[in-house]
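Accompanying notes for the structure given below.
A, B, ... follow the sequence lines: proteins, then strands. Residue 1 opens every chain. In this text the structure is predicted, and so the values were computed from the model without any measurement.
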Amino acid sequence: MTVGLVIVSHSARIAEGVVELAAQMAAAVEIVPAGGTDDGGIGTSFDKVQAALTAADSGDGVVVLCDLGSAVLTAETALDLADDPGRIRIADAPIVEGAVAAAVAAESGASLEQVLAAAQDQAPAPAQPATEHQHPADSARSAAVEIALANEHGLHARPAAELVRTASGFDAQVTVNGVDATSMLRVLALGLDRGTVARFEATGAQAAEAIAAIELLAAEGFGES
Amino acid sequence: MSGLDGAWTRRWIEAVVAEIATRKSELTALDRAIGDGDHGENLDRGFQAVLGKLDALDDAPTPGAVLKLVATTLISTVGGAAGPLYGTAFLKAAMAAGDRPELDATGLVEVLTAARDGIVARGKAEPNDKTMVDAWSPAVEAAGAAGDDVRAVLEAAASAAAEGAIATEPLVAHKGRASYLGERAIGHRDPGAESTALILRVAADTR
């Protein structure tokens, strides 16, 4: 089971498109669109949102991504009237980027709060910024590697998702070119193109393991070759 | 009339349905100027759906029962921001009315206050943000100062809401689609404030 996602948009096609995009990187996550009005027009439907919340919740909770104003109001109204509002979080995030980041986090088994944090581009709860809180013992356990990116389109969405998944799997703070490598949005914002030399650094108990795993991932083309 | 009973509440809602059907183009025109141009059609769809459900009520419903039916129907059928906003307003109003068979002036002010508070909580708008709050807030204040006659309370609320709606014209919007327009919203009346004034005016005119 993973945390599910609901995509609330004024447009059925936007909601379905966001689901399609996010699902490409998170096949195991239940991502349910709730776009448009009941009669297929532009607007939001309370009934569609309510049904989507039920469909997306496998027991671990649901993070909701919304587009404009009334989508948020409709989602909040559904939350107020939900049987178990404690399992629903409404993300304050851009609908496309937030959905992709949340889907990747959910796919890696993250908790409800961690998926919410990923959507909102905050570091997941256990991680700390790599430049802070470096205890001497942790600093001793650090590792780094520079890798020339061979992927045709650089670290675009799918390879970036693979990196985030790998970087999240170790007891270490991992950065790529200085940004949190467990944040999908920050990795994508780097715009790392083919041929760029990216520097991966890790600190913490499993720093060496994390860097080794990233080297292996890079050798396998970040899942693309 | 002493208090407002369920039959009055039903007559009021039926009159609102008719008035919105008559004035939906006007509301939509206001919305087209500074929003997404669907306020009249959305409200009309919602209230027409309410009309279809009123017959499912008991023969002698409480005001709260009528308000709750309106709330759940609007939430499901309006489709724009007005759905959750008016839906929440009517839901909070229904909760404030409880199972009282009639609302006296004090009860009416409680109900109006709960509706306004629900809208503020849902939309997080403040006075002068150029939203329906700019009609609701003066209406609630005037209602609270209108004494212990329900007709006087309704008339005070309706007049203050109308003035509040007009007073949105010079404002820049800080909530909703109009907030994307900046100073281009100046000179246009907020459609949500106008529909609020409409609903409360119909209440004051319902016997």
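Contact check for B:Leu91 versus A:Leu81: side-chain heavy atoms found under the 4.5 Å cut-off. At least one side-chain heavy atom of A:Asp39 sits under 4.5 Å from a side-chain heavy atom of B:Arg45.
Summarising the geometry, atom CZ belonging to A:Phe46 is positioned 12.0 Å from atom CG belonging to B:Leu74; distances are rounded to the nearest 0.5 Å. Between the OG1 atom in B:Thr88 and the CD atom in A:Glu76 there is a gap of 9.5 Å [rounded to 0.5 Å]. Here NE2 of A:His10 is found 7.5 Å from CG of B:Asp38. Values are rounded to the nearest 0.5 Å.
Neither the backbone nor the side chain of B:Lys175 has a heavy atom closer than 4.5 Å to any heavy atom of chain A. Both the backbone and the side chain of B:Ser76 come within less than 4.5 Å of a heavy atom of chain A. With a 4.5 Å cut-off on non-hydrogen atoms, A:Thr44 touches chain B through its backbone and its side chain both.
Heavy atoms of other residues, nucleotides or ligands lying less than 6.0 angstrom from CD of A:Glu20 number 12 at most. The number of heavy-atom neighbours closer than 6.0 Å to CD of B:Glu169, taken from other residues, nucleotides and ligands shown, is above 12. Heavy-atom neighbours of A:Asp84 CG from other residues, nucleotides or ligands within 6.0 Å: above the threshold of 12.
Using a 4.5 Å heavy-atom cut-off against chain B, no residue of residues 85-104 of chain A qualifies as contacting.
Nearest heavy atom pair, residue A:Ser70 against residue B:Gly80, reads CB-C, 3.6 Å. Heavy-atom minimum distance, B:Pro84 versus A:Thr77: CB-OG1, 3.2 Å. Contact detail for A:Leu68 and B:Tyr180: the closest heavy-atom pair is CD2-OH, 3.2 Å.
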